[in-house]
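In what follows, chains are A, B, ... by sequence order, proteins preceding strands, each numbered from 1.
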Number of protein chains: 2
Amino acid sequence: MAEREIDHGSPTPVYRQIAALIIADIENGTLAVNRSVPSELALTQRFGVARATVRNAVRFLREEGYAYTVPHRGTYVKDRTSGTESGTD
Amino acid sequence: MAEREIDHGSPTPVYRQIAALIIADIENGTLAVNRSVPSELALTQRFGVARATVRNAVRFLREEGYAYTVPHRGTYVKDRTSGTESGTD
DNA sequence: CATCATTTGTTCGTATGTATC
DNA sequence: CGATACATACGAACAAATGAT
């Protein structure tokens with residue numbers, strides 16, 4: 001999982017930087033499909049940011065189709081390889 | 001609850017327009033006493049404005065005696081019928 | 001079935017930076 | 001310059017669902 005390379009001085013919002021790092025891990029397979037994506041708490045500790053910022057990043061991941069969230073369970077990497085909309089299993 | 005009739009071109013500040021719409025709902029009973037007043041998030045979505053603007057509107061409602069806010073709980077319609085300042089119940 | 005830890009959901013409080021009028 | 005408005009970010013508190021024990 002990506003280290004902490006957050007630049008608070010960058011014009012790029014922190015939540016976008018975090019999202020980009022997670023997406024990179026998804027792209028290179030560090031984060032497997034239907035698994036992972038650390039919890040919000042884990043991400044706040046990993047990147048040293050507020051939970052609201054982490055949630056913003058995760059929301060972005062969902063909007064971009066990289067992940068899906070199961071309420072009170074966690075957020076998982078979405079399978080973007082299958083052409084058919086079967087998703088679940 | 002009021003639709004979205006915000007006019008960004010109007011000389012009347014957006015936060016005042018929103019406050020007026022909420023007040024109208026209080027006046028006509030759409031928003032019951034000691035209940036409602038949508039959350040800040042709900043209001044930002046409903047009117048398509050920034051949270052800061054919504055908070056400005058809610059602050060105005062408080063100042064005008066139309067509502068009271070319980071930290072981390074929500075904002076409620078104040079009972080303006082009772083003459084005595086009992087507020088609670 | 002009850003309890004507990006984990007995790008996301010929700011809500012308000014506060015601050016900063018930028019832009020516009 | 002001040003009021004207004006948007007976007008971002010951190011802080012704090014509590015609610016609710018889930019799963020393990």
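B/Leu21 is listed as a side-chain neighbour of B/Phe47, based on a closest heavy-atom distance under 4.5 Å. No side-chain heavy atom of A/Lys78 sits under 4.5 Å from any side-chain heavy atom of A/Val33.
Under the rule for a salt bridge (charged side-chain N to carboxylate O under 4.0 Å, His left out), the partners of B/Arg59 that lie at least two apart in sequence or sit in another chain are B/Glu63.
Atom P of nucleotide C/dT7 and atom CG of A/Leu43 are separated by 11 Å, given to the nearest angstrom. When the P atom of C/dC12 is taken as reference, atom CD of B/Glu40 falls 4 Å away, rounded to whole Å. The interatomic distance linking B/Gln45 (CD) with D/dA7 (P) rounds to 13 Å, in whole Å. When rounded to the nearest whole Å, the span between CZ of B/Arg55 and C1' of D/dC6 equals 15 Å.
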Considering only nitrogen or oxygen atoms on both sides, find all protein atoms under 3.5 Å from nucleotides 8-12 of chain D and state each distance.
{"residue": "D/dT8", "atom": "OP1", "partner": "A/Tyr15", "partner atom": "OH", "Å": "3.2"}
{"residue": "D/dA9", "atom": "OP1", "partner": "A/Val14", "partner atom": "N", "Å": "2.2"}
{"residue": "D/dA9", "atom": "OP2", "partner": "A/Tyr15", "partner atom": "N", "Å": "3.3"}
{"residue": "D/dC10", "atom": "OP2", "partner": "A/Ala50", "partner atom": "N", "Å": "3.0"}
{"residue": "D/dC10", "atom": "OP2", "partner": "A/Thr53", "partner atom": "OG1", "Å": "2.3"}
{"residue": "D/dA12", "atom": "N3", "partner": "B/His72", "partner atom": "NE2", "Å": "3.3"}

Between the protein and nucleotides 16-19 of chain C, list every N/O to N/O distance that falls short of 3.5 Å.
none

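For B/Arg16 and B/Phe60, the positive end sits near the middle of the six-membered ring, less than 6.0 Å away and at most 45° from its axis.
To the nearest 0.5 angstrom, B/Ile23 atom CD1 is 11.0 Å from B/Leu31 atom CG.
The pair B/Arg80-B/Glu64 fails the salt-bridge criterion, with no side-chain N (NZ, NE, NH1 or NH2) lying under 4.0 Å from an Asp/Glu carboxylate O.
Between B/Ser39 and C/dT11 there is a side-chain N or O to OP1 or OP2 distance below 4.0 Å.
Considering all non-hydrogen atoms of both residues, B/Ala57 and B/Ile18 come closest at CB-CG2, 3.9 Å. Shortest non-hydrogen contact noted between A/Tyr76 and A/Val37 is C-CG2, 4.2 Å.
Of the candidates C/dC12, C/dG9, D/dG19, D/dG19 carries the atom nearest the A/Arg73 side chain, counting heavy atoms from C-beta on.
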